[in-house]
Amino acid sequence: MPELPEVEVTCRGISAYLTNRHITQVIIRNASLRWPIPSTLTTLLPDQCITTVTRRAKYLLLHCDQGTLIIHLGMSGSLRILPTTTPSLLHDHFELWLDSGKMLRYRDPRRFGAILWWDGAIQQHPLFQRLGPEPLSDAFNTRYLHTKIHDRRVSIKEALMNQHIVVGIGNIYANEALFHAGISPLSAANSLSQTRCAALVKAVKTTLQQAIEAGGSSLRDFTDCNGRAGCFQQQYWVYGRHDQPCRQCGALINKIRQGQRSTFYCLQCQQ
DNA sequence: AATCCCACCTGAACGC
DNA sequence: TGCGTTCAGGTGGGAT
């Protein structure tokens, strides 16, 4: 379930265990993720120090002495901090052993995630070059959004999930933010007034911020780096609530398909 | 450049 | 109980 809040919660959770630690060993159990895990990591990483751990979009960045380890969790990935003696299970594909005696373990049943190495400036990486601004930064504001989508004919929901427009928003939080902004997910992006863009920007920021504070959402098996479940799922207003009454007006929540993804919204509250 | 839609993969839930 | 179908947090890439 990794959208921005889950990746951010993971980032904050693993940071203290990794920062200023030296890597002692790398284990690649199954290299076939979205792209192969570079086999060179086995010799490249040991003895390097992890200086900082950051997040950009839905990517986790482990900044090391000689480059950056890029981790994406895909649809089903998660990271745990564990003693190196913990037996590995099916779907545990990758481990970073640390000089503390602990390890970072990557698990990803569907293998849509990625683990890559980059030794230049991260913004020069092909995957990072065209990314939009961080939704919680000042760069994501009313003027930016209005200008960016004024010529887009796709729906506002699809635009919100476009990482070239703004990063970090996936299916859950796109649905939730549109509900809080009172905007129909079917509205054409280029039809949104400045006022509605302002409402949407505000809704995106508060929705994501609250989800981070709740420790993220926990659909299926997502947990934080210590195995704890997030609580934000209990706060959903529309996601997954089709045929249930709207928490605001009581009308039944509607479910449709948009761009091969499920959309949930209230016909009454979202116009 | 924007848009559409497929592909990648496993597992859970559901219907028959 | 078993089998087939559908759906799930993401996103690069090819065709239009």
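For the pair A:H164 and C:dT11, the criterion of a side-chain N or O lying under 4.0 Å from OP1 or OP2 is not met. Distances shorter than 4.0 Å separate some side-chain N or O of A:S262 from OP1 or OP2 on C:dA8. Taking 4.0 angstrom as the limit, A:H91 places none of its side-chain polar atoms (N or O) nearer than this to OP1 or OP2 of B:dT10.
Straight-line distance from the CG atom of A:L33 to the C1' atom of B:dC9: 11 Å, rounded to whole Å. Separating the CG atom of A:N30 from the P atom of B:dC9 is a distance of 11 Å, rounded to the nearest angstrom. Rounded to a whole Å, the CD1 atom of A:I70 is 14 Å from the P atom of C:dT11. What separates CG of A:N162 from P of B:dC5 is a distance of 16 Å, to the nearest Å. Taking atom CE on A:M161 and atom C1' on B:dC4, their separation rounds to 15 Å, with Å as the unit. Distance NE2 (A:H242) to P (C:dA8): 9 Å, rounded to an integer number of Å. Rounded to whole angstrom, the span from the CZ atom of A:R111 across to the P atom of B:dT10 amounts to 5 Å. Summarising the geometry, the separation between CZ on A:F264 and C1' on C:dC7 is reported as 10 Å, rounded to the nearest angstrom.
At the heavy-atom level, A:Q163 lies under 4.0 Å from the strands shown only through sugar-phosphate atoms. Contacts of A:I169 with the nucleic acid, taken as non-hydrogen atoms under 4.0 Å apart, are absent. Within the nucleic acid shown, A:R261 comes within 4.0 Å of at least one base atom, counting heavy atoms only. Residue contacts shown for A:R257 are limited to sugar-phosphate atoms, with no base heavy atom under 4.0 Å away.
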Legend entry - A:R55/A:E134 under salt bridge (Lys or Arg N to Asp or Glu O under 4.0 Å): CA gap, chis, key distance, verdict: CA-CA 10 Å; A:R55 177 192 59 74; A:E134 287 290 325; 2.8 Å; yes
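Tested against A:Y106 for a side-chain contact (heavy atoms from CB on, under 4.5 Å), the candidates A:L96, A:L33, A:D92 yield a single pass: A:L33.
Remark: C:dA15 base-pairs with B:dT3. Criterion, Watson-Crick or G-U wobble with two distances under 3.5 Å.
Here B:dT3 is the nucleotide among C:dG10, B:dC5, B:dT3 with the atom lying nearest to any side-chain atom of A:R152. Comparing C:dG12, C:dA8, B:dG11 by their nearest atom to the side chain of A:L127 picks out C:dG12.
We find that the ring of A:F112 and the base of B:dC9 do not stack by the test of centres under 5.5 angstrom and planes tilted less than 30°.
Between A:L90 and A:V154, it is A:V154 whose nearest contact on DNA chain B lies nearer the 5' terminus.
Interface remark: the A:R34 side chain does form a donor-acceptor pair with the C:dT11 base, using a distance-only criterion of under 3.5 Å. A donor and an acceptor atom sit less than 3.5 Å apart, one in the side chain of A:R110 and one in the base of B:dC9.
With rounding to the nearest 0.5 angstrom, the NE2 atom of A:H164 is 7.5 Å from the CG atom of A:L131. Rounded to the nearest 0.5 angstrom, A:Q248 CD and A:C266 SG are separated by 7.5 Å.
Ring orientation note: the planes of A:Y59 and A:F128 are tilted relative to one another, at an angle of 30° to 60°.
Comparing the same atom, P, in B:dC9 and in C:dC3 gives a spacing of 23 Å after rounding to whole Å.
When all heavy atoms of A:L73 and A:P2 are compared, the closest pair comes out as CB-CG, 3.5 Å.
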